[in-house]
Protein chains: 2
Amino acid sequence: MLAAREQAIIDAVNRLLADKGFDAMTVDEVAGAVGIAKASLYKHFPSKEDLAAAAMAHLMQAAQTMLDGVDTALPPLDKLRAVVEWTMRLKLSGHMPTLPSQNSTLRAALVAHKGYMDGLMDVSERLGAWIEAAQADASLNPALPPIAVLYTVFARACDTVLEFLKMSDGFDDDTIIALVMGTCFDGLRSR
Amino acid sequence: MLAAREQAIIDAVNRLLADKGFDAMTVDEVAGAVGIAKASLYKHFPSKEDLAAAAMAHLMQAAQTMLDGVDTALPPLDKLRAVVEWTMRLKLSGHMPTLPSQNSTLRAALVAHKGYMDGLMDVSERLGAWIEAAQADASLNPALPPIAVLYTVFARACDTVLEFLKMSDGFDDDTIIALVMGTCFDGLRSR
DNA sequence: GTCTATAGGAGGATAGAC
DNA sequence: GTCTATCCTCCTATAGAC
């Protein structure tokens, strides 16, 4: 009941963060989307930053669930492909919250949020293991530092190419996914 | 004299936009950085959005100058590499202004700014010609729609991987450039 | 064109009743 | 825990003197 309400709040924050970003999102809008008063919102979450942190923690949970669902029999490179595709579909469908990387009070709220940090660590470690496995079987370029690969995967969540291609009509979501998956794993050059 | 002052304003805006982004940048900060009163600023530029548009127009001019300087004897793919490298070095050095892509009043100011739009068109067309030439000689993957390649090049200006790698110490700028140039053109997979 | 001073409004957060 | 009403700070923009 209380959990259900808080989940509704987090869902609204997720949508608004994906739509307009943290700065443009107002607490009034969140309250309006949930259908409660702003003061009630502040009984559940003490600040706007905490709202965003809760949404990001929820995103990490979703990521963990997705990782759990990846077929363990797949070659490691294909596991990574599945993750990148999931990330991009989330973004294309308007469910990927975006945060400004420069805002320091926001970063403070994020690192203070145990659920978010634990989720992020877990996701990073599991992806890191797949990356190293993919480099060990030489399907992934072994010359790349694993951390650079990890960040490149994470960056698909912020990729402006997706929205640009979505606006320049003529591409449906599947085509966009195929294109950006191609440039991500195979690069721009001919093979 | 007036031009010099306006150039100083634009330089300050450029730095602040690169540092904190449009929303976090305040007009007071811009005035303070230039060393004039806020009201004086508004005699030169009628709104905060116009400040940003002027900065972006200046960026387009810089891009055009850079394109002029690219050796015409280079193969088209290497011309594109030079552009991507220039973009990333600008970002790493803190001179790449970043604008929120969702802000509608800001977009209106941008499309209303003739200098910016003309510069953007010119840059896009010249890059487009290089992209098609690189696909014609098969150095660039001919299966990719040129517009997708163009956006992928533009996106290097917003790439979060650069700042992430810069923060996770152990990489200097040249190493970061080499890594991201590699993933951009050659992809994550082994060749 | 520069300044000081201020209008005007948006938005995060809170008081206090129920 | 929900509401209404309000506080207060910050920020864009302008008025008006010099």
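In what follows, every chain begins at residue 1, and chains take the letters A, B, ... in the order their sequences are listed.
Looking at A:R89 and A:D173, no side-chain N of the basic residue comes within less than 4.0 Å of a carboxylate O on the acidic one, giving no salt bridge. Using a cutoff of 4.0 Å between basic side-chain nitrogens and carboxylate oxygens, A:K91 and A:D159 are not scored as salt-bridged. In this structure, A:D11 does not pair ionically with A:R15, as no charged nitrogen and carboxylate oxygen lie closer than 4.0 Å.
A donor-acceptor contact under 3.5 angstrom links the side-chain atoms of A:K38 to the base of C:dG12.
The distance from atom NZ of B:K20 to atom P of D:dC11 is 8 Å, rounded to the nearest whole Å. Atom pair B:L16:CG and D:dC11:C1' shows a separation of 15 Å (rounding to whole Å applied). Nucleotide C:dG1 holds its P atom 12 Å from the CD1 atom of B:I36, rounded to whole Å. Rounded to whole Å, the distance from CE on A:M25 to P on C:dG12 is 8 Å. Per the geometry, CD belonging to B:E29 stands 17 Å off C1' belonging to D:dA13, to the nearest Å. Residue A:K43 contributes atom NZ, which lies 12 Å from atom P of C:dA17 at whole-angstrom precision. For the pair A:D50 CG and C:dT14 P, the interatomic distance rounds to 11 Å; values are reported in whole Å.
Across all strands, B:K48 comes closer than 4.0 Å only to sugar-phosphate atoms, never to a base (heavy-atom distances). As judged by a 4.0 angstrom heavy-atom cut-off over every strand, A:T26 is placed among residues touching the sugar-phosphate backbone only.
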Could you go through A:D137 and A:S139, starting from their C-alpha distance and side-chain angles, then the distance that decides it, and tell me whether this counts as side chain to side chain donor-acceptor pair (under 3.5 Å)? CA-CA 6 Å; A:D137 74 16; A:S139 56; 2.6 Å; yes

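In this model, the phosphate group of D:dA13 is approached by a side-chain N or O of B:Y42 to a distance below 4.0 Å at OP1 or OP2.
Of the two residues contacting DNA chain C, namely A:A39 and A:D28, the nearest-nucleotide position lying further toward the 5' end is that of A:D28.
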